[in-house]
Protein chains: 4
Amino acid sequence: MPKKPTKAASPSTAPILANGPAAAGPDTAPASNRATRAAERRAAIVEAAMEEFIARGFAATRLDDIAKRAGVAKGTIYLHFKDKESMFEELVRIVIVPVVARLTTLPPPAGSVRDLIETFAGNFLKEVIGTRRGDLVRLIVAEGPRFPSVADFYYREVVSRGIAAMRALIELGIARGEIRQKDLARYPQILVAPAMIAVIWQSLFARHAPLDAQEMLRVHLDLIFGERRTT
Amino acid sequence: MPKKPTKAASPSTAPILANGPAAAGPDTAPASNRATRAAERRAAIVEAAMEEFIARGFAATRLDDIAKRAGVAKGTIYLHFKDKESMFEELVRIVIVPVVARLTTLPPPAGSVRDLIETFAGNFLKEVIGTRRGDLVRLIVAEGPRFPSVADFYYREVVSRGIAAMRALIELGIARGEIRQKDLARYPQILVAPAMIAVIWQSLFARHAPLDAQEMLRVHLDLIFGERRTT
Amino acid sequence: MPKKPTKAASPSTAPILANGPAAAGPDTAPASNRATRAAERRAAIVEAAMEEFIARGFAATRLDDIAKRAGVAKGTIYLHFKDKESMFEELVRIVIVPVVARLTTLPPPAGSVRDLIETFAGNFLKEVIGTRRGDLVRLIVAEGPRFPSVADFYYREVVSRGIAAMRALIELGIARGEIRQKDLARYPQILVAPAMIAVIWQSLFARHAPLDAQEMLRVHLDLIFGERRTT
Amino acid sequence: MPKKPTKAASPSTAPILANGPAAAGPDTAPASNRATRAAERRAAIVEAAMEEFIARGFAATRLDDIAKRAGVAKGTIYLHFKDKESMFEELVRIVIVPVVARLTTLPPPAGSVRDLIETFAGNFLKEVIGTRRGDLVRLIVAEGPRFPSVADFYYREVVSRGIAAMRALIELGIARGEIRQKDLARYPQILVAPAMIAVIWQSLFARHAPLDAQEMLRVHLDLIFGERRTT
DNA sequence: TATGAATGAGATTTCATTCAT
DNA sequence: CATGAATGAAATCTCATTCAT
């Protein structure tokens, strides 16, 4: 087995769960009450588990390593999660839910559809491609078949909503005359395909041939909206 | 862990390695000489290992199951492969090489570029999406980061060549006036992105929302070549 | 292979590590705190491993048997030792160190050199020949070539020191006129050779022809110091 | 396990079984008839097995390696020996018998007892210490307890005879007035002890502190016979 | 007679899970 | 609540032995 890279492969070292004091690492100043401490520990476990699962996949991840990285004892993990499997399943939920929550409170749709999509793609580039969150996508692709509940959840919460949102945007674009090909609304996957490819490419082939995701997405949007006059 | 489905999840039950009598299953009539028998066993192991790796991933696959499925004793595997890891690495090579070989002996480019690509895409649909070979792509995406040599090999043998071939086709399309957007040649990934997405979609979400890959690819090609007059 | 004699061949059943309550067997009353219990288990493993290694040699010893004999689970061994090999290497150190420690705190040299050596030889007879410690010497002879680190350690800690001590005694004997042959100081091995032979003889040939080691050593000392007038 | 030294540790590379065309290596010109060929193979197996057993001990020796070294197939070994165990037992006999045979046809006792013993010791030095045959002695010491039949055989054929021969020599020396200490005849082991120590020393400690066995034996004989006037 | 591919019991080692402290 | 030593089932890998060729 390729020896364990103690550090995750991802260039981004920012925690996958970002926000609030509860997400702080284990060496933070001791919080006031019991409940807070427990929440901190739980957050540390989630964070650590995510890193390990991303770096090694479900089966090859050791609870020992998660515990070490989270700065807790092995037994502590079992106070928060039933077992390794359900930990993995819960984890995906825990990590994805806030992301979805943020997406559903989108900025108000202003400007052209292309601008909307470009803004969205820009965020996606910044926050997903080449980050831990991108690795999470790859993790779900990798483990999905063995964790139908994970695949189900991901489809329900992320994919189906994303597809619906894209379809709405496309239809808006068609209605406004920005997009000429009506059939595109039937396959919103086409709109996001290059972005997904970019995510995977970064994980696997970045060191062979770096990919300028931003520029690729621009070319792709030109294909859909027509090339821009001015830049 | 989702209890082991002895049968692979893949809908296609055709062997991933297709050709010749040597690839026959273990219940074939006994062949003449020892060398042939050995080759048969080896092929059975490769076939069985591929199924198991696809169904469970590298770490969760048991050599015991591979042996059982191949109809050989556990020790026999070690006559053909050094250990589990190098078996996995060799396996990917063994399975991919003939595919690449077939691709490089492509039919002579005749007709329009769109026709060429459509023919190619048709083959791809038939032979990859929803088949074991598609699952293999997903497996490589899943295990690539832990098996850099596999990712390297796959990039070198499949991805870089595929990208080059696509770029050549795109440039031909541009030269002939079939494709208007010149920038596309810089990102051939855009051309194949929907096909890759289709592969992954089939593995993960087919039961939630079946995807008509053929139709999606047609829409995508319309985007690139312009919509067809007649259908 | 001569079927496994569950009990060691050695006549002495006293533990090779003698001292303190921590060395007690597994069926002792449970001690107070965890650290003590862990130390007890470790001691039990060391004791059991020594017995098994002596009885069967390194390669033929099964960790299963060590675990059974020590009254612990197989996995427990790996909490204390990295693997079988380093267990063996550590074991020799663990067992030898206290012996060496005791030897270096020798009784103050009093009386004639011959008396000194006879006292020493007497202790050696009682504590080494025909005991587990004697078997340990044979074990080191047996496994030394395959465990250079063990041979090194044994040479450094035991042999070179023993040789040096014997040389000092011989030179003292020469200076006092008790020993006439000056060259003996160049080969202190001659002084201890019969004792070593006795150790090996007991392990291998005792049942064919018992050897009165004590008497043999007396004859040998007569050779060196001259025969005693009275006895 | 200390990685297998493909070459034996012994400095002497001469075969342990020395003589006659039947002992020739595997790449000798093909002999005339079947029986000869079979004898050659058997000899090659014996030779190879001895090397491997000496280098690794009984349990750690692989039949595969013996076969490879002997230049025969693994199955061939089973045409000559029942199994690994009885191969080891027979081996010791096969190797030792001719040695004993040679010893029993000793040169006629001429000259002083000391000269006799010195001649004998000289041969011993040349033919045993630091050679494969010396390693064989160590092997018997190592494996004896697990192979009582080997220890028995060795005691019967070599040790008891050697002891008897030494005793006879000692008694002759006493009768002739060369040896003054009469008790020595009761412990002929004392006579050979330094030689045995030298054998073991070479195997284990030669690289830490080389031992001039010849000189040590001379000093020892001086102890027994008195120091020589002239040299 | 000789081969060496195949076997499968058995060895070492790992690691998710438990539970006394 | 938290711990981490202990467990033991299960995994990988080895190798003496067999047997069809």
Side-chain angles (χ1 to χ4, degrees), chain A residues 1 34-35 37-38 41-42 59-68 71-85 87, chain B residues 1 30 32-35 37-42 45 59-67 71-85 87, chain C residues 1 30 32-35 37-42 59-67 71-85 87, chain D residues 1 34-35 37-38 41 59-68 71-85 87:
Chain A
M1 171 96 37
R34 278 274 192 79
R37 290 281 298 275
R41 280 171 190 281
R42 188 184 165 89
T61 290
R62 289 184 294 267
L63 291 192
D64 240 343
D65 289 343
I66 293 177
K68 219 163 285 167
V72 302
K74 235 189 314 179
T76 306
I77 294 176
Y78 285 84
L79 300 175
H80 292 274
F81 300 96
K82 179 174 154 287
D83 58 16
K84 195 186 175 187
E85 242 184 85
M87 174 165 63
Chain B
M1 169 99 31
S32 48
N33 57 47
R34 283 220 286 214
R37 292 281 296 275
E40 276 174 15
R41 279 170 189 279
R42 188 185 165 88
I45 291 169
T61 290
R62 291 183 293 267
L63 291 187
D64 236 348
D65 289 343
I66 293 177
V72 302
K74 241 182 311 175
T76 305
I77 293 175
Y78 288 86
L79 299 177
H80 294 275
F81 300 96
K82 182 176 151 290
D83 59 15
K84 194 186 173 187
E85 243 184 85
M87 175 163 64
Chain C
M1 167 98 35
S32 47
N33 57 49
R34 283 219 287 215
R37 291 279 297 275
E40 276 174 15
R41 278 169 190 280
R42 188 185 165 90
T61 290
R62 291 183 293 267
L63 291 189
D64 235 349
D65 289 343
I66 294 176
V72 302
K74 242 182 309 175
T76 305
I77 293 175
Y78 288 86
L79 298 177
H80 294 275
F81 301 96
K82 181 176 151 290
D83 57 17
K84 193 185 176 188
E85 241 184 85
M87 175 163 63
Chain D
M1 167 100 33
R34 277 274 192 81
R37 290 279 300 274
R41 282 169 188 279
T61 290
R62 289 184 293 266
L63 291 193
D64 240 342
D65 290 342
I66 294 177
K68 218 164 285 166
V72 303
K74 234 187 315 177
T76 305
I77 294 175
Y78 285 84
L79 299 175
H80 293 274
F81 301 96
K82 179 174 153 290
D83 57 17
K84 194 186 174 188
E85 245 184 82
M87 175 165 62

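Lettering follows sequence order; numbering is per chain, from 1.
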* Structure fact -> Rounded to whole Å, CZ of B:R42 lies from P of E:dA6 at a distance of 11 Å
* Separation of E:dG10 P from B:D64 CG (nearest whole Å) -> 15 Å
* Asked: If you measure from OG1 on A:T76 to CD1 on A:I66, what distance do you get to the nearest 0.5 Å?
  -> 13.0 Å
* What is the distance, rounded to the nearest whole Å, between atom CD of B:E40 and atom P of F:dA20? -> 18 Å
* Structure fact -> Applying the 3.5 Å cut-off to both distances, the Watson-Crick or G-U partner of F:dT21 turns out to be E:dA2
* To do: Select from C:A73 and A:A73 the residue whose nearest nucleotide in DNA chain F is closer to the 5' end of that strand.
  => A:A73
* To do: Output yes when at least one side-chain N/O atom of C:R62 is less than 4.0 Å from OP1 or OP2 of E:dT13, else no.
  => no
* To do: Looking at every strand, decide which applies to B:L63 at a 4.0 Å heavy-atom threshold: base, sugar-phosphate, or nothing.
  => sugar-phosphate
* To do: To the nearest Å, give me how far apart CG (B:D83) and C1' (F:dT14) are.
  => 13 Å
* To do: Indicate whether OP1 or OP2 belonging to E:dA6 is found under 4.0 Å from a side-chain N or O atom of B:H80.
  => yes
* **Reported CZ-to-NZ distance for the pair C:R62 and C:K74, which is rounded to 0.5 angstrom** => 11.5 Å
* Structure fact -> Residues B:D83 and B:Y78: closest non-hydrogen pair is CA-CE2, 4.1 Å
* Working to the nearest 0.5 Å, report the span between CD1 of B:I45 and CE of B:M87. => 8.0 Å
* Rounded to the nearest 0.5 Å, how far does CG of A:L79 lie from CZ of A:R42? -> 11.0 Å
* Asked: Rounded to whole angstroms, how far apart are OH on B:Y78 and P on F:dT12?
  -> 7 Å
* Asked: In whole Å, what is the span from the CG atom of C:L79 to the C1' atom of E:dT14?
  -> 11 Å
* To do: Indicate, with a heavy-atom threshold strictly under 4.0 Å, whether C:K74 touches base, sugar-phosphate, or nothing.
  => base
* **Minimum-distance nucleotide to D:T76 side chain [options: F:dA6, E:dA2, E:dA6]** => E:dA2
* OP1 or OP2 of E:dA5 less than 4.0 angstrom from a side-chain nitrogen or oxygen of B:R37, does that happen here? -> no
* Which sits closer to the 5' end of DNA chain F, A:G75 or B:K84, going by the nucleotide each is nearest to? -> A:G75
* Asked: Roughly, in whole Å, what's the span from NZ in D:K68 to P in F:dC15?
  -> 11 Å
* Distance in angstrom units between B:R41 CZ and E:dG4 P, rounded -> 17 Å
